[in-house]
Structure formats: structure tokens, C-alpha cells
Amino acid sequence: MPEPVIATQNLVKSYPVKNASDFVAVDGISFEVAPGESFGLLGPNGAGKSTTMRMIGAVSTRTSGDLAVLGLDPNRYGPEIRSQLGVVPQENNLDMELKVRENLLVYGRYFGLPRARVARRADELLEFAQLADKASAKVDDLSGGMKRRLTIARALINDPRILLLDEPTTGLDPQARHILWDRLFRLKEQGTTLLLTTHYMDEAEQLCDRLVVVDKGRIMAEGSPADLIRRYSSREVLEVRFGSTQNAEVAGRIEGYGERVDVLPDRILVYSDSGENELERMTAAGLHPITSLVRRSSLEDVFLRLTGRNLIE
Amino acid sequence: MTGPQLSPSTIAAGARPPRAFGHLYAGNARSVMARGWRATRSTNSLVVLSGFVEPIFYLLSMGLGLGALIGQVQTADGTQVSYAAFIAPALLAVAAMNGAIYDSTWNVFFKMQFAKLYEGMLSTSLGPLDVALGEISLALLRGLLYATGFMLVMQALGLNLSWWALLALLAVLLIAFGFASVGMAVTSYMKTFQQMDWINFVLLPMFLFSATFYPLSVYPQGIQYVIQALPLWHGVELVRALTTGQVNLGLLWHVLYYAVMIVVGLFATTRRLKALFLN
Ligand SMILES: Nc1ncnc2c1ncn2[C@@H]1O[C@H](COP(=O)(O)OP(=O)(O)OP(=O)(O)O)[C@@H](O)[C@H]1O
Ligand SMILES: [Mg+2]
């Protein structure tokens, strides 16, 4: 295997808390990302994804553990590492005092890149982000999705070797998301390494070669999307609804169905190799769901299983 | 639409040994300054103008108006000069201070608290010292602009009594640099608008009492010591000695005072930016 571009080993980040012991946001995370790979961090709110991204982005100092980005230690080589990164933070931090195109120009200059090169690149990226007609608009006047696209364009101004994307498509409409996925594929084809977090499971399945599911600062599982589905879920899932007041009561009566049963607030999931069989068994037992649906297992099922709070088993 | 050619990186990762301060400074403060210049041009031009004319109004009203009543005043070393020539250098120092303070306090406060500007800058190859130096240089530039304009007015009114006055422009840079670095350092600790008001609360009396409008000798000894501990007094004395041509080696103490301010301010600002945005 080639030298990893990102290597974390027992990475820990804790924040001091007044009159209490430290809060551990990232609690011993280890993973490696190979050059050109597309790697995802999945996890519920507060899992520590952004904190991990910030440490890798060399803007947050780790509390303990080892971290190497492009073979360098962020504690000592912050500017060198950051010069090779493109960063899309969870919350846009565009320069509101500058116009759209100026945002790209000025940002490129922060990297010390020559003026002419930055100007050429800015125009390419405005096309890329479909913002060419907004070049001289105020940032404030852009829609939320346009701001997001500008932030992504900005992250590419220095032709980064690694792109850190913290929930890149939050706030984008479906078209814009698909266009962005397409762009990210192309970057990947050209050798850019992608590290991204997302709450969209379809996005993770589309984009990630490999991913880790993180919860409370720890890694719960690691693998390719297909791999994880195989390991942590059944072939099919039966979704039934009995109405929110009845779900809990019904749950007691179908214990032991399939490989596993999950009771969510609005529906019950039965994991099984054959959803139809489970549904027949249910009907035979005199249970008649308001709606029922049999579908293939997805990454979302893995996610809920690994991080859900209301599992029966 | 057709996508652009997104070429893979052409820059190789520099695995050279880290420079001293390498993690704090990338040698690119210029880009931060250029950014500020661009932003000022488009948004804050009115503020720039008001800071420029304010000291000129003071000079006209007090120097010429009050001056007609007062006549001659004695400077620190005993020479008699006209009242306008007495307060003009003080107002020059104040102009430098105001220009520097505006950029390094309110402007910086806004960027830190609301605009997340520094967060963005520090996720590039810039270090905190680049940001501090860039922002402070911009403040300095503004201070210099204000001061040059004011000097021209002084010259036109015949208030520059010596060729040493040319050096006063350098002194003004020093003063602006000192106030800007300390101002930014102090601002980086501020969390609310109320706290920011404290800065004005300190600046106003300093402006009024630092031997700006009358000689220090009017105060009792104890108060004189207090005034002499404040930065503006050193600036006023330095500039006044230069524009009135009463130059002596003792002025180097004032220079030293500002040199210390600059170093302490830069050090504190860099540390604080690092703690806030690279923690
Ligand atoms: N600067 C900070 N000081 C104290 N606690 C922090 C700080 N930053 C993050 N945390 C805490 O660390 C935990 C992890 O936060 P983080 O932002 O990494 O979560 P996340 O996985 O990105 O969540 P989300 O999906 O909501 O973005 C949270 O409990 C958060 O409150
Ligand atoms: Mg987050």
C-alpha cells in the first residue's frame, strides 16, 4: 500500500470544562487514508467529526495521539500542510466585505500564489461553481446554496492535494448536489484525496470508497459502504407502521422476528433476508400494519444500528 | 456547462525543516494587507474621511480660535511658541493614534466576533503573525495617510517651525505602529460591545490630558508622573519636539517606549490569535 496521505493513531481532542473534568470530543480515533482515496466520516451530531477535520486541517491542536498529514506533523508544519489543503468548513466563512470574485482572488493570495495564476483559476472556478454571472455580486446577496458553492470553489483555488469537506452539500438543491458529486468524482479521478463528513447516506454511498462510523468520539465501524451493509445489516428490511401510539405495543409482540427488530419513533424495522416472509408471518399473527414496505438494506440501516439509541437487542 | 480543467497539484509538499516561527509566520502579511485595502475601498470610505478631517477641525477651532486669546505657550524645554504651533503636533500624534486605533480595534473586533474572517485566513498557509502584521500594517498605512494630510495643513498654516518636521512623519509611523499592535492585542481579548466601549473610555481622557492642549507643567507632580506613563504623552512630546525643532537625545526614550509597545503588542496578538483560531 502506498504511503497514506492522512494517518491518525489514537487521536484525542479534549476541551477544558469549568469546574469539571475535560470533555473528550474525539476519543482515540485511528484510520489511514491512501492517496487518491475518498474517505468519509459518518456519525450523529456531536460525534466529533468536525473536530477531527479541524485537527487534520492543522487548525486545531490535538490533545494526544499521532497525526501525520502528507507525512508532516501539523504541530510543526501548519502552514506547509495547509498550503496543500482545500477546506470547506461546516459553516461558510466567506469574506462578506468582498465581492464574489474578489473572495477567490484574495484567498488565492493568502497562499502566496502569483496574481495572474490566481486570476485565471478564479475564472475557471466561477464557471465550475456556476457563479460566473455573479462574479461582481456581493456575497451577502447570494442564496445559501450559492454561498456554499462559492466556499467549495474557494477551497480549490490552490489546487489542493487533499480536499476536506465538512458537510459539503448541506443546503444545496438536488441538482446542485448531483453536479457537485460529479465534480468531486472528477477531482478524484485526477488524484485528489477527499475526506468528507456528511449526514446524507446516499452521498456517502456515492462518494466514499471507505468510511468510518463515529459515535461519541470513537470509531464504531470501518469499511466500504457495501462491506458495512454486508456486515451490519441483513439483505432486506421490512418497514411497517402501526401509528405512533401502537408501535411500542406491537414491538413486544414481534420480538424475535427476522435477525433483528428496531423500533423508531414513527415505524418499526425488521431486518431479514426476506422481508416478504416476515410480513406474512406478521399478518398470520393478526397484525395489520397501516403501511408496509420491503426494501434492500442501505447504509442508513448500518448507521442507525451502530449509532441508534433505541435498539431492542 | 463545461467544467474547467482541474489539474492535480503542481506544488510539492515541502518537507523541509521548519523555520523558526515557521508555524506562526509564512512571510505573507502583504496579502492580508491587500485584502484590507480592497475591503476598505468598497465599504468604509466614509469612516476614513471622518478620521481624516476631525483633527483638522480641532486645529482650526482651537489652534486659531482659542490661540487668538492665548497667544504664546511654553514648550517642555522652555521655548515660547504660538498656541497653534503648540497643539498642532499633538493633534498630529492623535491623528496617527486614531487612524491606527480604528483599524486595529473596531475593525478587528468585528472580524473576530462576527465575520469569522480570521478563521478563513488561518485555514490557508498564513500563520497568526501574518494576520497580525497584515492588519497592523494597514492600520499604520491609514495612520500615515491621516498624518501626511495633516502635515500639509500644518505647513500651509506655517506651523512647522523646523526642517526636523519631516522626521515627524516617521515618528507618526512609530506611534501608529505602537497603538495598532497594542490595540489589536487588547481587542483580541474583548468579547462584547460593552467591553469595546472601555477602549473609548480610556482613549478620550488620554487625548484630553496628555499635554495635548497645554503644557504638562500645569499639573501637580504626582499627576505628571501618571501622564508620563501613558503612551500618547510620549507621542505628543516626540512629535512636538520635531515640528518645533527642539531636538535632543532625550527623545530616544520616547522612541524606546513605542518600540516596547510594538513588540509586546505583536507578541500578545500572535499568541492570542493562535489560541483563538489554532487551538
Ligand atoms: N471549541 C469547543 N469547545 C468545547 N467543546 C467543543 C468545541 N468544539 C466542539 N466541541 C464539542 O465537541 C463535540 C464534538 O463536536 P463536533 O463539532 O466535532 O461534532 P460533529 O460530529 O461535527 O457534529 P455535527 O454533525 O453536529 O456537525 C460536541 O459535543 C461539541 O459540543
Ligand atoms: Mg460538524
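In what follows, chains are A, B, ... by sequence order, proteins preceding strands, each numbered from 1.
No side-chain heavy atom of A:Val87 sits less than 4.5 Å from a side-chain heavy atom of A:Arg82.
Proximity to chain B is limited to the backbone of A:Ala58, based on heavy atoms less than 4.5 angstrom apart. Using a 4.5 Å cut-off between heavy atoms, B:Leu126 contacts chain A through both its backbone and its side chain. At a 4.5 Å heavy-atom cutoff, the contact between A:Leu94 and chain B is made by backbone atoms alone.
Remark: the A:Thr193 side chain and the A:Glu37 side chain contain no N/O donor-acceptor pair separated by less than 3.5 Å. Judged by distance alone, the side chains of A:Ser50 and A:Gln90 do bring a donor and an acceptor atom under 3.5 Å apart.
Aromatic ring centres of B:Phe179 and B:Tyr102: separated by at least 6.0 Å.
No side-chain donor-acceptor contact under 3.5 Å links A:Asn103 to the backbone of A:Leu150.
Per-residue counts of heavy-atom pairs under 4.5 Å with chain B were compared for A:Arg154, A:Arg54, A:Glu91; the largest is that of A:Glu91. Among A:Ile157, A:Val106, A:Thr151, the residue with the largest count of heavy-atom pairs under 4.5 Å with chain B is A:Val106. Of the residues considered (B:Lys116, B:Arg30, B:Lys274), B:Lys116 shows the highest number of contacts with chain A, using heavy-atom pairs under 4.5 Å.
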